[in-house]
Number of protein chains: 2
Amino acid sequence: MTLTLKDVARDLSLSVVTISKVLRDHPDISDKTKKRVLARLKELNYQPNYAARALITGRTLTMGLIVPDLLHPFFANIAKSMSAEIRRQGYGMLIVSSDEEPEVEQHEIQQFLARSVDVMIIASSQIGTDSFRQIEERKVPYILLDRRFEGLSSNFVGVDDRVVGQLATSHLIEQGCKRIAHIRGPEVSTAVGRLEGYREALAAHKMAPLPGHIVPIGASGDHNGEAGGYEAAQHLLLARKKPDAIFCFNDPVALGAMRAILDAGLRIPEDVAVVGCGNLAYSDFLRVPLTSVDQGSAQIGKIAAAMALKLAQNRVQSGSKIKLIQPSIVVRASSSRAQTKGRRVKNRTAPKP
Amino acid sequence: MTLTLKDVARDLSLSVVTISKVLRDHPDISDKTKKRVLARLKELNYQPNYAARALITGRTLTMGLIVPDLLHPFFANIAKSMSAEIRRQGYGMLIVSSDEEPEVEQHEIQQFLARSVDVMIIASSQIGTDSFRQIEERKVPYILLDRRFEGLSSNFVGVDDRVVGQLATSHLIEQGCKRIAHIRGPEVSTAVGRLEGYREALAAHKMAPLPGHIVPIGASGDHNGEAGGYEAAQHLLLARKKPDAIFCFNDPVALGAMRAILDAGLRIPEDVAVVGCGNLAYSDFLRVPLTSVDQGSAQIGKIAAAMALKLAQNRVQSGSKIKLIQPSIVVRASSSRAQTKGRRVKNRTAPKP
DNA sequence: TTGAAAGCGCTAACAT
DNA sequence: ATGTTAGCGCTTTCAA
């Protein structure tokens, strides 16, 4: 159908092998022929057939990325920065948005195996670890993003969620808040970590969550955060000891919580301060600009890309690497009783990774 | 390295061909062997090698998508819905974010050709049409998204930008605005179409843009819309006839414009009404909830996916299909002088496509 | 209904 | 420094 090495070889009265060697910059080719071949290749606009190449080398120069929701800025940003990094090394990226559905994720993992991607990068919506075992069986290197799994010693890149919770909570404590509630996420590592951090920060100040001050948003999680946040905040506002601050699992949840607070006729941050997580774009333009913990999604993408490239080159899976990004908090009006605006405070409490 | 057809054949004392036929549901195989083979394939968890298959069939079951910015919700949503659609038919999707850089786009088009994607889908940042000619030479079907090119008779899916401009502008006219300004985008089809629609809607009411009431945001376009919008709006507010409404090329620009208006001590919408385009998530939670024209990104993705699947199957490029989505306007506080909230008005002026 | 032969476009090992 | 041979894992004839 298209121009092949054979065609070029005939055209130049050379053998296919010689051309192939030129293409791969093999040493034992004379400069003269090399130049001649390269020139002709460019003239004819030759494109190598990756499928043929992959068949023999076993490497596709392709990576597979699975995220729960490509529309979510956190994952979109990871996808964007990862793909930009690996593109520079000649790699392509197959991207799948699993819609948070474990079956879709499993199915696409199989697809990736069939397409023999060189590395898989997965922000998983899985509950079990079976799929990952399958990847391991096939000896394909993979990296987990954002969410971790107990008992699975895989490569991992994500934010340090304990520090996320610590940052948000100690900031609220510094603002003078006394009754800090938490709207927690579903039973995944991210939510668990943030909850832990929240507890730790309180404990460090000899405080503790009041009864009924930790409420879940339910399984809807990232998807339907706004509605879940609204409901959860309504619950909190009915508590006997009304909270004077709420640390929310993520920004959509925080938006919902803020709506509930305003609907109840309360002021933000005077009556109830709010901190979110994710640092969505346009947080500055909200009715009440939202203080939020930035998870450094671009950095996560970059680091994951570097790790993936290394894995693709080595083909050795010598021990698993774990890389925790340190989050930072961006203070805006929703929590700032001292009128501090848009001050970006780097994390100070976290241990170096 | 992994399980191949040959292994399975040996295991079952059958020939490779028979197994291959079973896999492709070829008719001339007895039910008995078919069952037997399928059972064993599942047992062994056999995965076909796509590279080998592609080498001989010439089809990779892979599509290539290029967007200017994967972080932009409009494109993220298109990517998400497209990939979901084609996934169901067993297709994978290579996604590239070109960062609005024509060179990156061109380079990745070459990559896609080398990887022999079955169809390319491109929301282009190109100025010329050379790259598209190259795709045509290789006889790879492709679809343009969002932005069109003069004199290029390619497949296209996008919103009807003239109607976008008309909807926004007539809405503002209906609200009683008399001096409606426009912050226009860069010299691409989307911006041009919206400008035309703006003019047409004014003309339909025997109005016309006042001098200096059409200002550009410059080439930064989608990227840096907020800053561009701020500047442009500042200009407008200095005009001799101050506008009482601004129709903005997109939502980020509108956010910037709103900031400029508020900074100038004016009220929205009482002094200046604002309409954006794109209908970003969380528009409801902004300082002033933003009226915006929805471009139906999910629908665009769905339709483009259907078109792509058709192209992938036919392999015939019989005439180009053009599909224009009809936009709708979502009215919020930024333009609603009659206090209408969140009313979604379907387009009434547009001809059926 | 099954299988043997040929080859997709390329690379890896081994001549020359 | 260049070419020959073989084969990656699969599908496509075509023969049995």
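Naming: A, B, ... by sequence-line order, numbering from 1 per chain.
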Compare side-chain N and O positions of [X] against OP1 and OP2 of [N] and report whether any pair is under 4.0 Å apart.
X       : N      : result
A:Tyr46 : C:dC10 : yes
B:Arg53 : D:dC10 : no
A:Thr57 : C:dT11 : no

Distance, rounded to the nearest Å, where [X] contributes [atom1] and [N] contributes [atom2]:
X        : N      : atom1 : atom2 : answer
A:Arg59  : C:dC10 : CZ    : C1'   : 16 Å
A:Lys6   : C:dG7  : NZ    : P     : 9 Å
A:Asn49  : C:dG7  : CG    : P     : 18 Å
A:Arg36  : D:dA1  : CZ    : C1'   : 13 Å
A:Asp7   : C:dC10 : CG    : P     : 9 Å
A:Arg115 : D:dC10 : CZ    : P     : 15 Å
A:Arg24  : C:dG9  : CZ    : C1'   : 12 Å
B:Tyr50  : D:dC10 : OH    : P     : 12 Å

Checklist entry - Looking just at side-chain N and O atoms, do B:Gln134 and B:Gln110 make a donor-acceptor pair shorter than 3.5 Å? => result yes
Item to check | Donor-acceptor pair, side chain of B:Thr18 and main chain of B:Leu14, under 3.5 angstrom | outcome: no
Item to check | A:Gln111: which of A:His107, A:Glu108, A:Arg115 passes side chain to side chain donor-acceptor pair (under 3.5 Å) | outcome: A:Arg115
Item to check | Parallel, tilted or perpendicular, as decided by the 30° and 60° cut-offs, for the rings of B:Phe132 and B:Phe149 | outcome: tilted
Next on the checklist: Output one letter per nucleotide in nucleotides 1-6 of chain C: B when a protein non-hydrogen atom lies under 4.0 Å from the base, S when only the sugar-phosphate is that close, - when neither is.
Outcome noted: BBBBB-
